[in-house]
Amino acid sequence: MSLLSLDNVTVQFGGLKAVSEVSFSIAEGELVGLIGPNGAGKTTVFNLITGVYAPTEGKIAFAGKAVAGKRPYLITARGIARTFQNIRLFPSMTVFDNVRCACNMHLKHGISHALWRGAKVAAEEARIEAEVMELLGIFDLADDRDANCKSLPYGAQRRLEIVRALATKPRLLLLDEPAAGMNPTEKVELMKLIRFVQEKFALAVLLVEHDMKVVMGICERIAVLDYGQKIAEGTPAEIRANPKVIAAYLGKEASPEPTVGGSSLH
Amino acid sequence: MKSFDRTKIVLLVTIALVALLAYVCNRSPEFLQSRIYDILLGIGISIILAEGLNLVNGYTGQFSLGHAGFMAVGAFLGSAMSLGIAFPYLDGPTWAGAGWTVIFKVLQQGFAWLVNVFFWLHNSLVGLATGLPGWGKFLIALIYGGSTAALSGLLVGVPSLRLKGDYLAIVTLGFNEIIRVIIQNAEPLGAQRGLTGVPSNTNFFWVFAFAALTIYVVHNLVHSTYGRGFLAVRDDEIAAESMGINTTKYKVLAFVVGAAFAGIAGTLYAHQKQYINPEGFNFIRSVDIVVMVILGGMGNTVGVCIAAVLLTILPEILRDVAKLEWLPIWLREVAENRMIIYSLILIILMLARPQGLFGGWGKKKGAA
């Protein structure tokens, strides 16, 4: 059974169909890439899945339950976490507090306990601290726990965003252009990191990325968007050979009889 | 984390100290009559107001300009409790000759019922409190003033917190004026004349015990994983939602807690001055409190506390300056109008130190 499935999802902003009848699904533990030229609607798909936008038409189901149009925090509570294309850390907070914020929804205590600060709350805060420090340790950020998040180098900020998303204990992680602005060495590191995260935390990952090397290098399956429509889906090899995809990226005329490799997989 | 619940002990020690100081104050009747004592109480009330607003404007980043409205709710309803004022129940509409206007009459009836439920609760509580000794009545008035202000904060907050920035500021300012105008037209609360003869219950102990409690609540809320939600909302609402934080809940919660303390401050103020007038709770009073928060540094508990002290003393000093006859007349006129000074302070501050006078203080400290 698929973990996340989009069924003919359309979203319209005024007269513009940003995403049009897109369907695809992600299985438990799968690493799927979502690519497309600029303005193809990749980030909009992310925003639909995470509840920032509600789809005009179509269904989105996560773990068998409809999530379309739910508030983002409720969708996160179901187990979808994300990072952002342009880093959105909490700028006034330390590295530690950024991650601690993401543990907020797992708290077992409410406002009265937070005010009274009894032994229960102290134990829970200690548990959260241990969890956060473990995560920071895995991602090599433990030494920076009290640094302001904005003082970190760019690559570390990207990592911190992933850590923060992982702290919500997701089953599906959405990464929005994690390689943007990275140099080739950092990109190789990132590819290893994404693989590692997927295995270590037994996650499904949906990756939006411009960098073909990264996408082709790690994704098991790739979906291609162009002008809000899904034009292809398949393994990296299939996508690379797909004339529609080549046309979308290079602006070439599509071949007269397009053999849409792999789109019959679904 | 070892010192996690040390804050409780700090609060208790502070309250004990306040009680001791209050005892010392009470030994000298001249001091209780002095202007210094009056200013001291004013400082404590300002601290409660400013720290409450700091949770909304500073830590949660929602710019509210209606804090004096909640203060008015606390002041008038708290005083009504002390004075034993009961509300006469509202009549429903006359149904005779209702054509299509029946829909308005149904709404009117519903409104009257809702208000009467509140009046009934108020009147019963007033009835219960009549037999109590002075301090017991005052404590009930304080709690009652705080909770009615919190309720009004909830009523104002739920619809208006969908707005952001300037829009929220304008809406809260509007609610401030609405609350003031309602009180101005409420005959049982003295209408435009205000309430006189409020018992003089406010003293050093109550004011500073509640100031300590306010700081305790705001500090403990903000320095917990639960309270990190407030800061997350301020820093980046979209990211906060994506991290599973219910931003609406936190915004409304900040508003309600801030309003509750404003209500308590209002009740304390009424029982200090013994006379309250709705005009005293207009938007200029709200701006006073906002200036304290901005001057102290948004979201900086210590800074806002210092700013509350400074800005409560400043008008008193200015009043003295205005009386100095050897000063040029224009200078004395400027000193008489504190709003000119406030706006100058704000302009200079925004240019020189946009983070507030004490902004950035204590940021390096680890989480408590």
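Below, chain A is the first sequence line, B the second, and so on; all start at residue 1. Heavy atoms only: backbone and side chains are in, while hydrogens, waters and symmetry mates are out.
B:S242 and A:R88 form no side-chain donor-acceptor contact under 3.5 Å, judged by distance and modelled atom types alone. Checking B:S224 against A:R117 by side-chain atom types alone, no donor-acceptor pair falls below 3.5 Å. For the residue pair B:T225/A:N104, the side-chain donor-acceptor check at 3.5 Å is not satisfied.
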Give the C-alpha distance, both sets of side-chain angles, the deciding distance and a yes or no for side-chain contact (heavy atoms from CB on, under 4.5 Å) between A:W116 and B:K8. CA-CA 8 Å; A:W116 182 246; B:K8 252 182 298 190; 3.5 Å; yes

Worked verdict on B:T248 versus A:R71 for side-chain contact (heavy atoms from CB on, under 4.5 Å): CA-CA 11 Å; B:T248 313; A:R71 290 270 305 273; 3.0 Å; yes

Go through the steps to decide whether B:I238 and A:F84 satisfy the test side-chain contact (heavy atoms from CB on, under 4.5 Å), and finish with yes or no. CA-CA 10 Å; B:I238 291 177; A:F84 294 89; 3.8 Å; yes

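Of the atoms belonging to A:L74, not a single heavy atom falls under 4.5 Å from chain B. For chain B, the nearby parts of A:L115 are the backbone and the side chain; heavy atoms of each come within less than 4.5 Å. Using a 4.5 Å cut-off between heavy atoms, B:L253 touches chain A through its side chain atoms alone. Proximity to chain A (any heavy atom under 4.5 Å) is shown, for B:F230, by neither the backbone nor the side chain. With a 4.5 angstrom heavy-atom cutoff, A:T168 touches chain B only via side-chain atoms.
Comparing B:L221, B:L231, B:I245 by heavy-atom pairs within less than 4.5 Å of chain A, the highest count is held by B:I245. In terms of heavy-atom pairs under 4.5 angstrom with chain B, the leader among A:A102, A:P91, A:A77 is A:P91.
The line from CG of A:N98 to CG of B:D235 is 8.0 Å long, rounded to the nearest 0.5 Å. The distance from atom CD of B:E241 to atom OG1 of A:T50, rounded to the nearest 0.5 Å, is 10.0 Å. B:Y226 OH to A:C101 SG: the interatomic distance, rounded to the nearest 0.5 Å, is 13.5 Å.
Contact detail for B:R228 and A:R100: the closest heavy-atom pair is NE-NH2, 3.4 Å. Shortest non-hydrogen contact noted between B:A239 and A:R164 is CB-NH2, 4.0 Å.
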